[in-house]
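Naming convention: chains lettered A, B, ... in sequence-line order (proteins, then strands); numbering from 1 in each chain. In what follows, every heavy atom counts, from backbone to side chain, and hydrogens, waters and symmetry copies are set aside.
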Amino acid sequence: MDAYEQITRNVSEVVTEDEVRALAESPDGKRAYVGYEPSGVLHIGHMLTATKLMELQDAGMDVTVLLADVHAYLNDKGSFEEIRDTAERMKAQFLAYGLDEEQTEFVLGSEFQFDREYVLDLHALELNTTLSRAERAMAEIKGGDSVKVSQAVYPLMQALDIVYLDVDLAIGGMEQRKVHMLARDVLPAIDEDAPTCMHTPLIADLSSGAGKMSSSTGTTISMEDSTKDIEEKVNAAFCPPTANPDPADDGTERENPVLQIFEYHVFPRFEQVVVERPEKYGGNLTYDDYASLEAELESGELHPMDAKTALASYLDELIAPGREKIRAQK
RNA sequence: CCGCUCUUAGCUCAGCCUGGCAGAGCAGCCGACUGUAGAUCGGCUUGCCCCCCGUUCAAAUCGGGGAGAGCGGACCA
């Protein structure tokens with residue numbers, strides 16, 4: 001696999017391909033970043049972008065993880081003290097999940113976002129952005145039930161972070177794409193380069209296969225889940241024997257979240273996946289890549305229940321170190 | 001600053017006029033059927049009716065005050 005393929009593996013969107021190809025020419029020392037609002041416990045959404053960061057590290061890139069305490073505050077996620085408290089725990093969980101400590105720099109937003117120069121640049125961006133544009137950019141990520149002025153400032157700070165953290169490649173889930181597009185539009189207004197971005201897919205809701213897995217409603221897999229929690233959640237997941245389920249009765253598109261998790265969480269971290277299967281159903285199955293697993297689920301050779309059992313076991317293995325960390329933190 | 005509308009189950013809302021057991025759809029949960037889930041069928045759960053004060057035998061419902069949300073207007077020397 002060449003560097004470009006490795007860097008863009010499993011992403012939904014590359015902006016722009018030419019820019020990433022240029023990065024892939026000499027990835028060593030290039031800097032990628034993701035910003036996260038601190039939350040007490042890593043969930044599967046955090047882990048998805050973290051997996052991508054690990055792949056970028058394997059390709060030779062350095063990684064900055066922004067623990068976006070100021071952003072979380074602006075997004076109505078609680079008091080500053082509470083938020084900063086969780087940031088440190090989050091860092092430990094990322095390391096436990098597998099980010100390389102040598103190649104990862106953790107930065108707290110408040111370390112540089114109050115600098116005079118930063119704030120002046122921020123105001124310059126504000127001057128170049130309409131409220132409705134900022135609001136649209138935030139549509140997918142805002143917390144709370146009404147739009148605050150702080151939430152209009154939020155995406156502009158993300159744009160500036162890319163400049164101040166000296167980032168070559170901005171990573172985020174697909175919910176971040178409008179923010180990143182805003183950054184590409186507005187940064188040239190202060191004579192900065194439009195950032196190169198890649199967006200990871202969003203995992204569908206575990207129980208319905210529709211929309212995106214939400215941390216607030218529905219079922220989410222997080223680092224504090226016990227082995228039993230994971231088994232129960234995965235077993236309850238929507239999983240027709242196909243990668244392309246029929247739409248729901250009301251017409252909404254559905255995905256197969258079990259396959260998605262195999263594709264985006266398990267195969268990037270394991271060379272080989274062994275599905276343990278009772279003798280009466282034919283014994284164990286072994287897969288070296290995601291495509292062959294999907295094909296056999298589709299053909300009926302692999303039964304969804306056996307796939308689920310295997311998925312729960314691999315997920316548990318991925319989460320176990322972080323789970324230990326969380327227990328130690330309490 | 002002024003005016004109008006809204007606030008009831010996890011969600012969308014009905015009920016308010018004309019006071020009398022707190023409702024529906026969806027979601028959720030439990031079973032049946034499937035070697036998973038979903039679909040289907042059967043059953044079940046769910047409440048600070050935004051808050052306070054008042055009227056009344058009795059208030060989600062009527063009156064007063066307040067809060068939050070949405071919309072409009074005014075001001076622009």
Query raised in the report: Can you tell me how far P in rC52(B) sits from the matching atom in rU61(B), rounded to whole Å?
Result: 12 Å
Requested in this report: May I ask you to say what Pro241(A) touches in the nucleic acid, namely base, sugar-phosphate or nothing, with a heavy-atom cut-off under 4.0 Å?
Outcome: base
Query raised in the report: Please give, in whole Å, the distance from rG70(B) P to Lys148(A) NZ?
Result: 9 Å
Requested in this report: Hunt down the Watson-Crick or G-U wobble partner of rU40(B), both distances under 3.5 Å, from any strand shown, or write none.
Outcome: rA32(B)
Requested in this report: Establish, yes or no, whether a centroid distance under 6.0 Å links the rings of Tyr73(A) and Phe80(A).
Outcome: yes
Query raised in the report: Mind checking the P distance from rG28(B) to rG10(B)? Whole angstroms is fine.
Result: 14 Å
Query raised in the report: If we take the C1' atom in both rU45(B) and rA27(B), what is their distance in whole Å?
Result: 12 Å
Query raised in the report: Between atom CE in Met305(A) and atom C1' in rG38(B), what is the gap in whole Å?
Result: 15 Å
Query raised in the report: Rounding to a whole Å, what distance do you find between Leu259(A):CG and rA37(B):C1'?
Result: 12 Å
Query raised in the report: Going by heavy atoms in the side chains, are Val63(A) and Arg31(A) under 4.5 Å from each other?
Result: no
Report summary line: Here the distance between atom P of rU36(B) and atom CG of Asp306(A), to the nearest Å, is 11 Å
Query raised in the report: Is rA69(B) paired to anything, Watson-Crick or G-U wobble with both distances less than 3.5 Å, and if yes, which nucleotide?
Result: rU5(B)
Query raised in the report: In Watson-Crick or G-U wobble terms, both distances under 3.5 Å, what is the partner of rC11(B)?
Result: rG25(B)
Query raised in the report: To the nearest Å, how far apart are Lys142(A) NZ and rA69(B) P?
Result: 12 Å
Query raised in the report: Which residues satisfy the side-chain contact (heavy atoms from CB on, under 4.5 Å) test with Ala189(A), sequence neighbours excluded?
Result: Asn128(A)
Query - Rounded distance (Å) that lies between atom P of rA37(B) and atom CG of Leu206(A) - result: 13 Å
Query - Inter-nucleotide P distance (rA22(B), rA32(B)), Å rounded - result: 35 Å
Report summary line: To the nearest 0.5 Å, atom NZ of Lys308(A) lies from atom CD1 of Ile261(A) at 10.5 Å
Query raised in the report: Roughly, in whole Å, what's the span from CZ in Arg277(A) to P in rG35(B)?
Result: 16 Å
Query - Pair Asp185(A) + Arg133(A), salt bridge at N-O below 4.0 Å - result: yes
Query raised in the report: Given the C1' atoms of rC62(B) and rG20(B), what is the spacing between them in whole Å?
Result: 14 Å
Query raised in the report: When rounded to the nearest Å, what value does the distance between P atoms of rC6(B) and rG63(B) take?
Result: 13 Å
Query raised in the report: Going by ring centres under 5.5 Å and near-parallel planes (under 30°), is Phe238(A) stacked on rG38(B)?
Result: no
Query raised in the report: Between atom NZ in Lys308(A) and atom P in rG38(B), what is the gap in whole Å?
Result: 8 Å
Query raised in the report: Does Phe94(A) have its ring centroid less than 6.0 Å away from the ring centroid of Tyr36(A)?
Result: yes
Query raised in the report: If we take the C1' atom in both rU7(B) and rC49(B), what is their distance in whole Å?
Result: 10 Å
**Report entry** Interatomic distance at P, rG25(B) relative to rG35(B), whole Å
**Finding:** 32 Å
